[in-house]
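Dropping a structure here in structure tokens format, bear with me for questions.
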Protein chains: 2
Amino acid sequence: MTSTPPRRKRATVHDVAREAGVSRGTISRLLTGEGYVSAEAREAIEAAIRKVGYVPSTTARNLVRQRTNAVGFVVHEPHSLFLEDPNIGEILLGANEALSEDDYQMVCLVIGSDRDSERVARYLRGGFVDGAVVVSARAHDPITAVMRTSQLPVAFVGHPPDLQGQSWVGIDNLASAQEITARLLATGRRRVGMIAAALDRDSGADRLAGFTRALGDRFDPALVAPVDLYSYSEGAAAMSALLERAPDLDGVFAASDALAAGALDALRRAGRRVPEDVGLVGFDDSAWARRCTPQLSTVVQPAAGLGRAAARSVLAQIAGDQTEPAAILLDTPIAWRASA
Amino acid sequence: MTSTPPRRKRATVHDVAREAGVSRGTISRLLTGEGYVSAEAREAIEAAIRKVGYVPSTTARNLVRQRTNAVGFVVHEPHSLFLEDPNIGEILLGANEALSEDDYQMVCLVIGSDRDSERVARYLRGGFVDGAVVVSARAHDPITAVMRTSQLPVAFVGHPPDLQGQSWVGIDNLASAQEITARLLATGRRRVGMIAAALDRDSGADRLAGFTRALGDRFDPALVAPVDLYSYSEGAAAMSALLERAPDLDGVFAASDALAAGALDALRRAGRRVPEDVGLVGFDDSAWARRCTPQLSTVVQPAAGLGRAAARSVLAQIAGDQTEPAAILLDTPIAWRASA
DNA sequence: CCGCGATGTGTGAACGTGCACACACTAGCG
DNA sequence: CGCTAGTGTGTGCACGTTCACACATCGCGG
């Protein structure tokens, strides 16, 4: 109905050229920092830019340069997990830091629904970004396929099972889960259970595998409580269920700190003391770990480091320095505190 | 040194035209859904698109259309607050939902440093987005000035003091702080303190003002502990300080749930029972509120609603439906639980 | 037979940049 | 004087779309 609003037209390089009495080329050379611009031309141009309020059009520049100096940060999360998982924020900040150093703009794209998924795919393939960091992709995620066919430089944080020839950054979930379980056993616990989550992702499945391997003969499948999300409430519910099945439980490995915090609450409600009656260990070393009373013993996940490493990999691919897909594993120290 | 990597050139509309034996115009009409395309032309074009793997260039489209169908979501937060504040995640998802409904892409821009600030300003002014939602801007934030001079449709969540003629969405911090303080007093508390935060923003200052007004004659400035951030650890520290100054304290209003959670921990450590010895109320109704034991009585901040309202305002400005700057206040019910 | 609206198609001109190239001037050197 | 290298400047074209316009065909009524 209504015609386009009569917004003021923006100043272009032509306006500046007319105002400063030079040609477009000279302005372009000044702005792109190529040199070969006389002092007087420089001053005239700078004055003209201020006068007409000129700002270069990112869009036009992107079109002719065939690159945007922007990298996408794709978050694909169901509502609740995005809010509960403190790692994502850390990963994001780490990636932003690395991109910022190379003067790249990070654009964070959130996928909440299938509709979002399509739109984001269109954007990514439409030359909107020079590359992308993808976090928490699931098995058979449409985005994974899009990234493969589009040939866009990409690095995944974590690796969905259907990754082919694409770079990823992660931690050794299996080894670190095995290690912390072993340390829990070394405190003398005899009946140790696990709250496992997100078994459709590598992180979840590998943590369970590490737990199983550490227990060896002593592994009892009845002591594993699988849940969907790494959330506080699921942790509390799983812990209650576990206590009902095995009242003699004296140790628990929770697949994330949020789960452990929920479990801690359920244990307290059930009258169990931590660590006296039950030893509890978590995973991530997120804010949860220090916030709990007692503070959690946990595997330190270098979240910011993961973001940085993923971003650097994408930048290297863009620059052409990294041509082969790489898998990067970061170290995971263990923070041994009071909960076990 | 190295020349540009020999990346495969992307297919353009010309390639499709040649392949399908039609002209560019017909393809454009099909893709933009204008109609006036015969059935046979449509089929030929669709087949050709699949064959050559054509994806429209967002950049070129944006240039000629003078719009991007994207809205920026600008987060300006120091490291720690961004991670601690659960509201931002909710606001983001609410905004994304509203934008998604109108087929707009949300691009989230994170400002972590001054360098980021400049780069983001360049992007916003460079025609990269059609509008922006800005959260948690501070007093004299450079972004506020950029938004003013650039004439870009914008809506702030919360209102920094130097807002001029720009739309914003928020809650009545003063009235709701006054209301919950009054309810706390109605439970019979006589010595009520407050943990105040972020007094350089409207939210922080207004919550303190509401508290003061509710107390009237009984207000004692010694019972106010001001801190910088809405964080758990600052809440714990402030609570300890407050108890030292006034051991006879029997009620506390914390300016956020995160602060309240920290305060709760400090109270427990000091041997005070909640709510028996001390009544505690918070603000936000974030995940913290239900997670604490006992659960917090608090002011419900409609975070997702704020995001949605801000996004809708920006969309209305883009469409030209909203020409005057508007201030939108959302309702804040009170959730009365167990902590007071 | 002309005019008219509806449907379908092709063509040229933008959009606002960057880049390659041509050109002008100066200084230095044989 | 001519040749070269260095510096500074202007011009045409390309980037990949969309949009306005011109044009063609058809059916139909006056």
- prompt: For the side chain of Tyr36(B), counting heavy atoms from C-beta on, which of dT17(D), dG16(D), dG8(C) is nearest?
  reply: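 The answer is dG8(C), which lies nearest to the side chain.
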Contact check, side chains of Ile45(B) and Thr26(B), non-hydrogen atoms, under 4.5 Å: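 Heavy-atom side-chain distance check passes, below 4.5 Å.
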query: Nearest of dG8(C), dG16(D), dT17(D) to any side-chain atom of Arg61(B)?
result: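 Selected nucleotide: dT17(D).
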message: Quick test of your reading of the model: are Arg122(A) and Asp103(B) salt-bridged, counting only N-O distances below 4.0 Å?
response: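 Result for this pair is yes, salt bridge flagged.
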field: His14(A) vs Ala41(B), nearer the 5' end of DNA chain C by closest nucleotide
entry: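 Of the two residues, Ala41(B) wins.
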query: Touch check for Glu34(B), heavy atoms < 4.0 angstrom, all strands: base, sugar-phosphate only, or nothing?
result: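 Sugar-phosphate contact only.
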message: Measure CZ/Arg10(A) against P/dA14(C) and give the value in whole Å, please.
response: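 Arg10(A) atom CZ is separated from dA14(C) atom P by 20 Å.
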- prompt: Can you tell me how far P of dG8(D) sits from CD of Glu43(A), to the nearest Å?
  reply: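 One finds 14 Å between P of dG8(D) and CD of Glu43(A), rounded.
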field: Rounded distance (Å) that lies between atom P of dG16(D) and atom CG of Leu63(B)
entry: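 Taking CG of Leu63(B) and P of dG16(D), I get 12 Å after rounding.
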Heavy atoms from other residues, nucleotides or ligands near CZ of Arg148(B) exceed 12 (cutoff 6.0 Å):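 Counting other residues, nucleotides and ligands, CZ of Arg148(B) exceeds 12 neighbours.
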query: If you measure from CH2 on Trp168(B) to OG on Ser313(B), what distance do you get to the nearest 0.5 Å?
result: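 With rounding to 0.5 Å, CH2 (Trp168(B)) is 12.0 Å from OG (Ser313(B)).
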message: Before you tell me yes or no, could you show the steps for Leu109(B) and Arg119(B) under side chain to side chain contact (heavy atoms under 4.5 Å, CB included), namely the whole-Å CA-CA distance, both residues' side-chain angles and the distance that decides it to 0.1 Å?
response: CA-CA 10 Å; Leu109(B) 308 170; Arg119(B) 193 162 20 71; over 6 Å; no
- prompt: Arg65(B) CZ to dG16(C) C1': how many Å, rounded?
  reply: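 That distance rounds to 18 Å.
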query: From Arg67(B) CZ over to Asn62(B) CG, what is the distance, rounded to the nearest 0.5 angstrom?
result: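 So the gap between those two atoms works out to 10.0 Å.
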message: Please report the distance, rounded to the nearest Å, between CZ in Phe128(B) and P in dG16(C).
response: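 Rounding to the nearest Å, CZ of Phe128(B) and P of dG16(C) are 18 Å apart.
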message: So if I take the C1' atoms of five pairs at each end of the helix from dC1(C)-dG30(D) to dG30(C)-dC1(D) and get each local axis, what angle do the two axes make, rounded to 10 degrees?
response: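 That helix has its two terminal axes inclined by roughly 70°.
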message: Any side-chain N or O of Ser38(B) below 4.0 angstrom from OP1/OP2 of dT9(C)?
response: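 Checking dT9(C) against Ser38(B), a side-chain N or O does come within under 4.0 Å of OP1 or OP2.
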task: Please report the shortest heavy-atom distance between Tyr123(B) and Asn69(A), naming the atom on each side.
output: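 Between these two residues, the closest heavy atoms are OH-O, 3.4 Å.
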query: Would you call Arg50(A) and Glu46(A) a salt bridge, taking side-chain N to carboxylate O under 4.0 Å as the test?
result: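 Salt bridge between Arg50(A) and Glu46(A), a charged N being under 4.0 Å from a carboxylate O: no.
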task: Indicate whether OP1 or OP2 belonging to dT18(D) is found under 4.0 Å from a side-chain N or O atom of Gln66(B).
output: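 It does not, given that no N or O in the side chain of Gln66(B) lies less than 4.0 Å from OP1 or OP2 of dT18(D).
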task: Could you tell me the separation between the CZ atom of Arg18(B) and the P atom of dG16(D), rounded to a whole number of Å?
output: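 Checked: the CZ to P distance equals 13 Å.
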field: Under 3.5 Å: donor-acceptor pair, side chain of Ser167(B), backbone of Ala326(B)
entry: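 Yes, because the side chain of Ser167(B) sits within donor-acceptor range (under 3.5 Å) of the backbone of Ala326(B).
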- prompt: How many Å lie between CD1 on Ile49(B) and P on dG16(D), as a whole number?
  reply: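 Whole-Å distance recorded here is 16 Å.
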message: On the nucleotide dT17(C), are OP1 or OP2 found under 4.0 Å from the side-chain N or O atoms that Tyr54(A) carries?
response: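 Answer yes for this pair, as a side-chain N or O of Tyr54(A) is under 4.0 Å from OP1 or OP2.
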query: Going by number, which of residues 22-33 of chain B have a non-hydrogen atom under 4.0 Å from DNA chain C?
result: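 Listed by number, they are Val22(B), Ser23(B), Arg24(B), Gly25(B), Thr26(B), Arg29(B).
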